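Right, one structure below, let's go through it.
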Amino acid sequence: MRILIREVKNHLDSEVEISGWAQNIRIMSSVLFIELRDVSGTVQGVLLKKGNEELFDSLKTIPRETVMSMEGQAVKSQAKIGYEVQIKNLEILNKSETPLPLGVVDKIDSDIETRLENRYLDLRRPEKLSIFKVQSTIANSIRDYFVQQGFIEIHSPKIVAAATEGGTELFPVKYFERNAYLSQSPQLYKEIMMSAGFDRVFEVAPAFRAEEHNTPRHINEFTSIDMEMSFVNDDDVMDVLENVIKVAGQSIAESNERELEILGVSKPSLDYKFKRISYSEFVKMANQRGIKLKDGEDLSTPVLKTVGGEINEFYFITRWPRELKPFYVQPFDEEYSRGFDLQFGELEITSGAQRVHSPEVLVNNLKNKGLNPESFSFYVNAFRYGMPPHAGWAIGLERLTMVLLNISNIRETTLFPRDRTRVTP
RNA sequence: GCCCCGAUAGUGUAGCGGCCUAUCAUCCGAGUCUGUCGAGCUCGGGACACGGGUUCAAAUCCCGUUCGGGGCGCCA
């Protein structure tokens with residue numbers, strides 16, 4: 001029965017069977033070592049030539065990254081990790097071709113381009129695996145938290161009709177005899193669920209944006225963690241968001257000690273209150289730093305870098321100008337809205353808001369934004385027959401992973417990134 | 001979409017008019033070495049993105065194409 005490599009140390013002085021990839025084979029005249037790797041770690045197998053001549057010679061020409069299974073005695077030894085497996089039986093399950101398009105254990109770092117082209121090899125490296133183990137923890141801890149808080153997990157359609165929010169470019173798809181689009185966000189649907197009386201919902205699903213951006217923080221398909229709650233305001237859902245981030249940080253600290261060590265990242269320490277800085281205060285902060293910025297202007301990347309870059313923690317930017325936020329964001333007063341962003345330093349992690357719940361205000365907002373309320377009837381109608389006040393937000397899973405692991409390119413936290421020029425693998 | 005920068009063995013690089021039948025490392029192959037762990041040592045293998053131009057001479061300079069990187073814009 002095959003065991004995981006990290007379990008070998010619990011079976012010293014007994015027979016074990018392990019399977020994995022031969023990441024390095026060191027051959028001496030009378031003894032050879034095979035470093036075997038599986039999802040849990042690595043261990044070396046040893047084979048003395050004496051008494052095993054045939055097997056010994058056949059292993060001399062085995063390429064790196066060949067998949068094999070070995071049986072033998074697990075023993076304490078002078079190996080660096082303190083133990084090894086004395087090979088008795090070895091079965092080649094699948095030979096690797098050579099040379100490798102990308103060395104898994106080479107000392108040379110490859111370009112991200114080469115790594116993405118050969119992602120299956122790149123992901124064999126423990127650091128890359130670790131990123132996605134952590135991402136799994138993040139997603140699951142958030143999901144658990146929501147379920148615990150009485151949220152209902154929903155799955156909204158990803159193929160949508162022409163009319164959406166405006167603004168973002170959409171990917172067109174052929175829908176039989178009609179044109180449709182890939183969904184940019186579950187926004188309208190999760191709001192409709194409030195009208196449906198589900199009270200609190202969440203969804204973890206892909207979102208598609210056909211923007212031709214080319215930055216280390218944008219991709220065209222990402223995983224959006226969305227939530228929406230009824231009978232709450234913007235401050236309430238900011239509280240929930242702060243908890244969610246802290247829960248995720250806590251779960252990583254508890255479950256991914258080894259991965260953090262491999263990545264050389266310290267445990268997230270989030271035991272501080274997330275600051276809530278109003279948009280207008282943020283503008284003042286920029287002005288104090290010599291940046292010419294008027295109240296009402298959008299916060300550009302350089303502004304966020306200068307001001308946000310100084311704040312090396314999570315913080316909210318609240319009360320954005322209505323002008324800068326979408327039609328479904330609830331006004332705070334004539335000028336400002338109940339929309340907010342969660343930032344980490346310069347990076348936007350989340351966008352959220354208390355939403356408009358009055359159909360009249362909604363229709364008015366649509367018109368003001370130059371959109372035709374008629375095209376949104378499927379959505380607006382849900383407001384006509386009893387829509388509760390509600391609020392919600394959406395986090396980019398990949399961006400959250402970047403922040404918690406201090407990774408600077410979103411492609412690193414995406415298994416198979418879709419960017420301006422990449423659709424494969 | 002705009003502005004910079006880049007493309008040399010499987011991988012990562014040096015070279016930036018003649019010294020280049022192109023450097024180094026890794027890798028691959030052959031051999032050697034009684035326990036290595038970035039194994040060591042010896043020998044061998046493998047590359048100038050594509051198209052055009054300038055020049056006696058181009059990896060090197062110029063133009064175009066393709067692809068990539070960075071910055072910005074766009075971006076619920």
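This structure is a prediction, so every number in the text was calculated from the model and none was measured. Letters go in sequence order (proteins before strands), and every chain restarts at 1.
Every residue meeting the salt bridge (charged side-chain N to carboxylate O under 4.0 Å, His left out) condition with A:Glu259, not counting sequence neighbours, appears here in chain and number order: A:Lys133. Shown here are the ring-ring contact (aromatic ring centres under 6.0 Å, His included) partners of A:His213, two or more places apart in sequence or in another chain: A:His218. Qualifying salt bridge (charged side-chain N to carboxylate O under 4.0 Å, His left out) partners for A:Lys367, counting only residues two or more places apart in sequence or in other chains: none. Shown here are the side chain to side chain contact (heavy atoms under 4.5 Å, CB included) partners of A:Ser300, two or more places apart in sequence or in another chain: A:Pro302, A:Val303.
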(request) Indicate for each nucleotide in nucleotides 27-34 of chain B, in 5' to 3' sequence, whether protein heavy atoms under 4.0 Å reach the base (B), only the sugar-phosphate (S), or nothing (-). (result) SS----BB

(request) Give the B/S/- string for nucleotides 66-73 of chain B, one per nucleotide from 5' to 3', where a protein heavy atom under 4.0 Å of the base yields B, of only the sugar-phosphate yields S, and otherwise -. (result) --S-SSBB

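Non-hydrogen atoms lying under 4.0 Å from RNA chain B are contributed by nothing in residues 388-407 of chain A.
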Write down the protein N/O and nucleotide N/O pairs, taken from nucleotides 44-47 of chain B, whose separation is under 3.5 Å; answer none if there are no such pairs.
none

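Taking 4.0 angstrom as the limit, A:Arg26 places a side-chain polar atom (N or O) nearer than this to OP1 or OP2 of B:A39.
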Identify every side-chain donor-acceptor pair in residues 125-132 of chain A under 3.5 Å, counting partners at least two apart or on other chains, and give the distances.
{"residue": "A:Ser130", "atom": "OG", "partner": "A:Pro126", "partner atom": "O", "Å": "2.6"}

All N/O donor-acceptor pairs, side-chain side in residues 196-205 of chain A, below 3.5 Å, sequence neighbours left out:
{"residue": "A:Arg200", "atom": "NH1", "partner": "A:Gln149", "partner atom": "O", "Å": "2.9"}
{"residue": "A:Glu203", "atom": "OE1", "partner": "A:Ser156", "partner atom": "N", "Å": "3.2"}
{"residue": "A:Glu203", "atom": "OE1", "partner": "A:Ser156", "partner atom": "OG", "Å": "2.8"}
{"residue": "A:Glu203", "atom": "OE2", "partner": "A:Ser156", "partner atom": "N", "Å": "3.0"}
{"residue": "A:Glu203", "atom": "OE2", "partner": "A:Ser156", "partner atom": "OG", "Å": "3.3"}
{"residue": "A:Glu203", "atom": "OE2", "partner": "A:Lys158", "partner atom": "NZ", "Å": "3.0"}

(message) Pairs counted only when both distances fall under 3.5 Å, Watson-Crick or G-U: show me the 5' to 3' dot-bracket for RNA chain B, [ ] for pseudoknotted crossings and | for other-strand partners.
(response) (((((((..(((.....[.....)))((((((.......))))))...(((((..]....))))))))))))....

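The stretch residues 274-312 of chain A participates, sequence neighbours left out, in these ring pair (Phe, Tyr, Trp, His ring centres under 6.0 Å) pairs: A:Tyr272-A:Phe274, A:Phe274-A:Phe314, A:Tyr279-A:Trp320.
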